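Okay, structure first, notes after.
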Amino acid sequence: MVHNQNTEIKMKVADFVIKYLADKGVSDMFAVYGSACGDLIDAFTRVPNTTYRCCQHEQAAGFAAEGWAKIKGCPGCAIATSGPGGTNLLTAIANCYYDSVPAIFLTGQINSKFLRPCPEIRQVGFQENDIVSMAKPVTKMAEMVRNPQDIYYWLDLAWERSITGRKGPCLLDIPMDVQKTEIVPNGLLRRPCDWFKTDTDDFLNTVDKFLEDLGTAQRPAILVGGGVNGSASNLLKMASLLQIPMFPTWNALDIVTSDNPYYGGRVGTYGGDGRNFAIQNCDLLLCLGCRISGRITGGNPSSFARGAKKYVVDIDPHLVKPENQQICTHRNICCDCGKFIAEIIRRNPSVPSFSNWFAKVRQWKAKYDPVLSEHFDQKDFVHPYAFLRILSEETPFNATIVGDCGGNIVSLNHSFRTKLGQRFLTNNGNSPMGFSMAGAIGAYFADPSRPIICVIGDGGMQVNIQELQTIKYYSIPLKIFILNNHCYGITRQYQRTNFEGRQEACGPKGYSVPNFMAIANAYGLDWDRIIANPCKFSKEDIVNGWRSMIRYVLGHRSAFVVDVDCGDFDTYEPRIAGWNTPIEDMFPYLLRDEFRANMEIDPLPGWEVCDYGK
Ligand SMILES: Cc1ncc(C[n+]2csc(CCOP(=O)(O)OP(=O)(O)O)c2C)c(N)n1
Ligand SMILES: [Mg+2]
């Protein structure tokens with residue numbers, strides 16, 4: 001700790017906190033008021049260069065902070081009161097933890113003198129709650145600031161932790177009396193910021209080895225995760241140097257965009273373009289900033305890219321350990337992906353031509369597009385894949401698109417072709433219903449010059465529907481597309497496979513949908529419907545109708561809510577055929593001969609008799 005020289009300018013702790021974050025560039029902080037955070041909110045009247053933005057629910061404020069941080073690349077901030085305010089933030093905190101989003105969460109706490117003297121006593125003060133213990137497992141640091149003189153120290157630590165190594169959220173819980181205390185900022189204890197070391201020494205060695213293996217590889221591939229988001233442009237440079245196909249995870253669909261010449265397709269249990277044939281057939285796989293979860297490998301991890309030598313580059317020292325990986329890897333390195341990529345570019349290696357392999361990857365990608373011609377030709381409902389494909393064609397290159405969770409995010413990721421310059425985000429690790437509309441509010445404030453779109457299900461819409469008022473109040477020109485299938489589509493699909501078709505609690509039994517248009521109206525927002533095709537218009541007429549409606553909505557100056565009637569759609573394909581099958585084996589599965597013809601490597605023993613989990 002360093003002691004600074006004393007100069008006599010006094011300031012409330014609350015003002016100091018807000019000023020600290022404002023000076024770091026946090027120009028918008030998302031909040032719901034309560035007395036215990038009253039001093040923090042009041043500080044905004046004295047601190048320049050930042051503004052509070054009120055949401056209607058702390059969860060939404062936290063989601064907004066996440067959306068803001070994902071666009072800005074700088075820690076987002078949400079502020080809540082003690083007790084229920086803090087607990088309402090927890091989902092958002094967990095979101096940031098799993099998706100490695102830098103964020104500072106501030107909670108007010110009751111006056112220190114009313115804090116319970118020991119953990120055995122449940123509560124003494126009104127709305128007293130041990131938010132620090134609750135947040136600890138999903139934060140990089142959570143602390144109550146008990147001594148006003150320590151505030152600089154804790155702020156430094158929270159800020160540095162949130163942005164260093166694998167990024168993530170930190171929480172500071174500040175009692176009301178501490179917020180009110182006058183301090184002399186220049187006299188405060190600070191934390192010296194020189195203690196972070198994340199790279200391992202064998203970094204150069206690993207680059208050597210990888211390039212050596214690349215020299216003899218025939219079918220190399222790169223799996224790109226969200227950890228690459230700070231080095232996206234260098235990644236593209238590296239791909240053009242090495243001429244290797246890249247496969248983005250759902251966290252990287254705006255890093256490796258669909259229009260990139262090195263984009264090889266979408267992979268995983270819901271693998272899209274290319275149906276996983278390329279990643280399964282590769283013989284050298286470089287995994288960058290991606291935890292290679294079951295969502296990627298399928299339920300049979302040993303069958304994932306089973307003929308490939310695998311390199312894993314990740315900044316998380318725990319995750320990268322071979323014993324913590326779900327797949328067997330050849331070489332793992334704990335390092336910032338940006339550093340690894342920069343080193344490869346610096347070396348400018350000469351590599352063999354992979355053009356035959358690449359041609360095959362491109363063929364698979366084109367042949368196995370999840371969006372089929374018949375999807376445009378449905379009479380009784382709007383097929384979400386077809387609609388979202390048209391939406392993606394109409395969405396400008398500078399837009400931000402925020403997705404939600406459930407079947408609608410599967411549809412979005414299957415159908416939406418991203419363009420260079422677009423931002424495409426959701427929360428993938430925690431995947432809470434209701435993220436997209438609130439996340440989009442934050443994304444808008446982070447960069448109001450970008451057209452902003454959110455896609456959400458009817459179920460997700462009902463989780464944070466109150467934020468329509470935030471959109472109205474701040475005149476946010478958010479375009480909301482509700483993929484309304486009048487049910488929890490993805491979980492209905494799950495029930496069909498797992499509960500002998502019994503449909504419980506997902507609609508129509510137990511779950512129902514209101515009239516969203518009447519609701520939009522009540523909030524004073526513009527709205528319209530996209531309905532099915534009862535008049536049996538031609539496919540061309542239908543698509544043209546959607547297109548002109550989408551153009552109208554995207555060109556509208558203010559917010560717009562669009563209710564897209566997807567009937568009771570709940571079948572999301574392709575998807576893996578069963579929990580224990582390799583991910584090249586997907587519903588709707590192909591003729592077995594075609595399946596076999598597409599594989600360079602041997603099928604798994606016994607694959608012909610797999611239980612397809614119907
Ligand atoms: C907060 C929360 N609760 C429950 C779930 C479990 N869940 C995942 S998707 C889903 C259904 C989502 O329904 P909807 O938003 O209508 O999307 P659809 O699948 O119909 O497109 C549910 C209940 C969740 N992800 N988040
Ligand atoms: Mg739904």
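Note that ligands are numbered from 1 as they come in the structure, with each ligand's atoms numbered from 1 the same way. Quick caveat, the model's predicted, so the values are computed rather than measured.
Note: Tyr572 and Tyr270 fail the aromatic proximity criterion, with ring centroids not under 6.0 Å apart. Separation of the Phe445 and Tyr474 ring centroids falls under the 6.0 Å cut-off.
The nearest heavy-atom contact from the protein to atom 25 (N) of ligand 1 is Ser431 O, 3.0 Å. The protein non-hydrogen atom at the shortest distance from atom 13 (O) of ligand 1 is Tyr488 CD2, 3.3 Å. Atom 19 (O) of ligand 1 has as its closest protein heavy atom Gly407 N, 2.7 Å. Annotation: atom 17 (O) of ligand 1 to nearest protein heavy atom, Asn408 ND2, 3.0 Å.
When only modelled atom types and interatomic distance are considered, Lys539 and Ser373 share a side-chain donor-acceptor pair under 3.5 Å. Counting only N and O atoms by type, the side chains of Asp173 and Thr107 include a donor and acceptor under 3.5 Å apart. Side-chain contact, Asn251 with Thr249: no donor N or O sits under 3.5 Å from an acceptor N or O. In this model, a donor atom of one side chain and an acceptor atom of the other lie less than 3.5 Å apart for Tyr263 and Asp273. The closest side-chain donor-acceptor pair between Gln466 and Gln56, if any, does not fall under 3.5 angstrom.
For the ligand labelled ligand 1, residue Leu483 lies outside the 4.0 Å heavy-atom shell.
Two residues are said to be in side-chain contact when any heavy atoms from C-beta on lie closer than 4.5 Å; Leu391 and Phe416 meet this criterion.
Among residues two or more places apart in sequence or in another chain, the side-chain hydrogen bond (donor to acceptor under 3.5 Å, both in side chains) test is passed with Asn484 by Asp563. Here Asn398 pairs with Pro396, Pro451 under the side-chain contact (heavy atoms from CB on, under 4.5 Å) rule; sequence neighbours left out.
Residue Pro432 has at least one heavy-atom neighbour below 4.0 Å for each of these atoms of ligand 1: 26 (N). Distances below 4.0 Å separate heavy atoms of Gly406 from the following atoms of ligand 1: 9 (S), 19 (O).
Sorted by first and then second residue, the ring-ring contact (aromatic ring centres under 6.0 Å, His included) pairs with a member in residues 83-109 form an empty list; sequence neighbours excluded.
Around the Mg ion (ligand 2), the protein contributes the following N, O or S atoms under 2.8 Å, ordered by chain and number: Asp458 OD1, Asn485 OD1, Cys487 O.
Counting heavy atoms only, Gly489 comes closest to atom 18 (P) of ligand 1 of the residues Gly460, Cys405, Gly489.
At under 3.5 Å, a nitrogen or oxygen of Met433, whether backbone or side chain, sits near a nitrogen or oxygen of ligand 1. Considering backbone and side-chain atoms together, Asp458 places an N or O closer than 3.5 Å to an N or O of ligand 1. For the pair Gly459 and ligand 1, the shortest N or O to N or O distance falls below 3.5 Å.
Using a 4.0 Å cut-off between charged nitrogen and carboxylate oxygen, Asp369 and Arg389 count as a salt-bridge pair.
Neither the backbone nor the side chain of Cys506 has any atom closer than 4.0 Å to an atom of ligand 1 (non-hydrogen atoms only).
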